[in-house]
J.: 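First the structure, then my questions, so here it is.
Just so you know, residue 1 is the first one in the sequence shown, and it goes up from there. Below, each value reflects all heavy atoms present in this structure, side chains not excepted, and no hydrogens, waters or symmetry copies. Both counts, for ligands and for their atoms, begin at 1 and track the order of listing.
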Amino acid sequence: TTSEPLLKIAGLSSGYGRVSVLEGIDLEVDRQEIVVILGPNGAGKTTLLNSISGVASASAGHVTFDGRDITGAKPEQVVRLGLTHCREGWQIFQRLTVEENLVAAHIGRGGKSFEALRAEVFELFPILKERRNSVGSRMSGGQQQMLAIGRALMAEPVLLMLDEPSLGLAPKIVHQIFRIILELSKAGISILLVEQNVQRALKCGDYAYLLNTGRIRLHGPAQDIAAHSALGEAYLCGA
Ligand code: ATP
């Protein structure tokens, strides 16, 4: 039902082989909400998104999405349910054109045609329309990130997970990416955002979790977290 959170993570632990990375993570994303995950390098942010989308497998705990238990589900099953993971490092095909990249990302989920979805992506990112015949490798970092988000949107996500979409981009492009995130949210897509850009992410988000050494150290409404006196401390020391 609609009173349940869209995404609910309970007691999630995860790691690589015998190395444990995440321990007992509880996290929720409500419908229409932008939730931000902050934390220093190596905190486990990417591992957390991977464990939700099925790229990595959880060793304990449960992930529920839209009322279904998706613990242990494969990425291709998860994306079909409306949970799309836009992974770190621009997941695009370098040798395909912008247009071909979008074609390849259209999985026929939801009711919209390829043309309708492409039109939406081109409206959000006019530069992609201009460069529709350019191959991925010819695009700038910012354009590749836009294409990666465009590809994610071709799956008509209900919840979009973005892993450091502003990483390595010029300030002007970063500004544009955050504006797009807000626009997607207004259009009804829930967002789970991993960011190193703390102040900007807290401005854009509704709710925030601070992850350090595999555990949630602090969480609350983004405004409260931004004003939290222990934020810097929790960020650096993890305690
Ligand atoms: P970053 O901002 O650097 O990406 P992060 O918060 O996303 O950091 P993760 O990438 O989730 O952190 O990494 C968490 C821990 O897991 C780190 O100690 C990292 O070295 C380890 N790790 C990540 N990927 C693997 C892997 N494939 N095999 C083994 N250990 C890994």
Side-chain angles (χ1 to χ4, degrees), residues 7 9-29 34-63 65 70-76 78-79 83-92 141-142 144-145 148-149 152 159-171 173-174 177-178 181 191-205 207-220 222 225-226 228 230-239:
L7 179 75
I9 296 164
L12 182 83
S13 297
S14 178
Y16 303 93
R18 292 176 63 188
V19 181
S20 142
V21 175
L22 300 176
E23 281 173 69
I25 303 289
D26 297 321
L27 177 148
E28 291 182 3
V29 180
I34 300 179
V35 174
V36 177
I37 302 172
L38 305 170
N41 284 327
K45 305 180 297 296
T46 297
T47 303
L48 178 54
L49 295 195
N50 285 348
S51 305
I52 297 168
S53 66
V55 174
S57 53
S59 53
H62 284 278
V63 181
F65 176 67
I70 59 162
T71 320
K74 295 193 163 48
E76 58 270 27
V78 173
V79 74
L83 201 174
T84 303
H85 182 186
C86 191
R87 291 172 68 184
E88 194 179 5
W90 313 326
Q91 294 272 305
I92 68 164
Q144 293 196 27
Q145 183 60 69
I149 297 173
L159 173 63
L160 176 62
M161 300 199 297
L162 296 165
D163 197 348
E164 302 204 24
S166 76
L167 190 69
L169 303 181
I173 308 291
V174 172
I177 297 279
F178 275 96
I181 290 170
I191 311 272
L192 183 57
L193 172 68
V194 163
E195 260 299 330
Q196 296 267 6
N197 204 327
V198 176
Q199 293 313 323
R200 222 182 248 274
L202 288 175
K203 232 188 230 173
C204 157
Y207 201 91
Y209 291 84
L210 193 138
L211 191 66
N212 200 340
T213 55
R215 289 172 185 269
I216 302 292
R217 303 294 174 176
L218 201 61
H219 66 98
I225 297 293
H228 204 292
L231 174 63
E233 217 173 297
Y235 208 88
L236 296 172
C237 324

J.: I want to check something: taking the side chain as every heavy atom from C-beta on, are Asn50 and His85 in contact at a cut-off of under 4.5 Å?
T.: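 A side-chain contact exists here, since the closest heavy-atom pair is under 4.5 Å.
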J.: Mind checking whether Gln196 and Asn41 have side chains closer than 4.5 Å, heavy atoms only?
T.: yes
J.: With heavy-atom distances below 4.0 Å as the criterion, list the atoms of ligand 1 near Glu164.
T.: 2 (O)
J.: Tell me: protein heavy atom nearest atom 12 (O) of ligand 1, and distance?
T.: Gly44 N, 3.1 Å
J.: Which pair of heavy atoms, one from Gln145 and one from Pro165, lies closest together, and at what distance?
T.: CG-O, 3.2 Å
J.: Can you name the atoms of ligand 1, numbered from 1 with element, that are less than 4.0 Å from a heavy atom of Gln196?
T.: 2 (O)
J.: Run the contact test for Gly17 against ligand 1 with a 4.0 Å cut-off on heavy atoms, strictly below, and give the result.
T.: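 False for this residue.
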J.: Can you find an N or O of Leu48 that's nearer than 3.5 Å to an N or O of ligand 1?
T.: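 No; the residue has no nitrogen or oxygen that sits under 3.5 Å from a nitrogen or oxygen of the ligand.
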J.: Does any part of the side chain of Val35, heavy atoms only, come nearer than 4.5 Å to the side chain of Leu193, both counted from C-beta?
T.: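 Contact flag for Leu193/Val35 side chains = no.
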J.: Any idea which atoms of ligand 1 are less than 4.0 Å away from a heavy-atom of Ala43?
T.: 5 (P), 6 (O), 12 (O)
J.: Short list, please: which atoms of ligand 1 are under 4.0 Å from a heavy atom of Pro40?
T.: 6 (O)
J.: Does Asp26 use its side chain to pair, donor to acceptor, with the backbone of Gly11 at less than 3.5 Å?
T.: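 Pair found, side chain donor or acceptor close to backbone of Gly11.
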J.: Check whether any protein heavy atom sits under 4.0 Å from atom 31 (C) of ligand 1.
T.: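 Yes; the ligand atom in question has protein heavy-atom contact below 4.0 Å.
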J.: Looking only at protein heavy atoms, which one is nearest to atom 23 (C) of ligand 1, and how far off is it?
T.: Tyr16 CE1, 3.4 Å
J.: For atom 8 (O) of ligand 1, what is the nearest protein heavy atom, given as residue, atom name and distance?
T.: Gly42 N, 2.8 Å
J.: Pick one of side chain, backbone, both or neither for how Val21 approaches ligand 1, counting any non-hydrogen atom pair under 4.0 Å.
T.: side chain
J.: Pick, from Asn41, Leu22, Leu38, Asn50, the option with the minimum heavy-atom distance to atom 3 (O) of ligand 1.
T.: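 Ranked by closest heavy atom to atom 3 (O) of ligand 1, first place is Asn41.
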J.: Do protein heavy atoms approach atom 20 (O) of ligand 1 to less than 4.0 Å?
T.: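 For atom 20 (O) of ligand 1 the answer is no, since every protein heavy atom stays at 4.0 Å or beyond.
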J.: Using a 4.0 Å cutoff against the non-hydrogen atoms of Thr47, which atoms of ligand 1 qualify?
T.: 9 (P), 11 (O), 13 (O), 14 (C)
J.: What orientation do His219 and Tyr207 show, parallel under 30°, tilted 30 to 60°, or perpendicular over 60°?
T.: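 The rings of His219 and Tyr207 sit tilted, inter-plane angle from 30° to 60°.
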